Amino acid sequence: MKQPREFRISLMLNESEQRMLDRFCKKYGVSNRSRLIRETLMKTILKKMEDDQPTLFD
């Protein structure tokens with residue numbers, strides 16, 4: 001079951017970051033920027049958490 005999104009996060013970009021995001025979205029046909037940013041953020045966080053997990057065989 002999907003959970004409704006209740007929490008808002010705002011971020012600000014400078015001009016070059018905005019142009020880069022615009023170019024990326026145009027090149028790859030991204031129509032939902034919120035989804036792109038949310039999924040990219042969550043993937044980065046999950047990867048970092050996974051990398052930080054202790055392993056049995058290092």
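The analysis underlying the following values was restricted to heavy atoms, covering all of them including side chains, and did not include hydrogens, waters or symmetry mates. In this text, all values refer to a predicted model and were calculated from it rather than measured experimentally.
Scored by the salt bridge (Lys or Arg N to Asp or Glu O under 4.0 Å) test, E15 finds R19 as partners (sequence neighbours excluded).
In this structure, E50 CD and Q53 CD are separated by 8.5 Å, a value rounded to the nearest 0.5 Å.
Neither L46 nor L41 shares a network with the other; the hydrophobic side chains, linked directly or stepwise wherever heavy atoms of I, L, V, M, F, W or Y lie under 4.5 Å apart, form separate groups for each.
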Which donor-acceptor pairs under 3.5 Å do the side chains of residues 28-37 make with protein atoms, sequence neighbours left out?
unit_1: N32; atom_1: OD1; unit_2: S34; atom_2: N; d: 3.3
unit_1: N32; atom_1: OD1; unit_2: R35; atom_2: N; d: 2.9
unit_1: R33; atom_1: NH1; unit_2: D22; atom_2: OD1; d: 2.7
unit_1: R33; atom_1: NH2; unit_2: D22; atom_2: OD1; d: 2.8
unit_1: R35; atom_1: NE; unit_2: E39; atom_2: OE2; d: 2.8

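Remark: I9 CD1 is loosely packed, at most 12 non-hydrogen atoms of other residues, nucleotides or ligands lying under 6.0 Å away.
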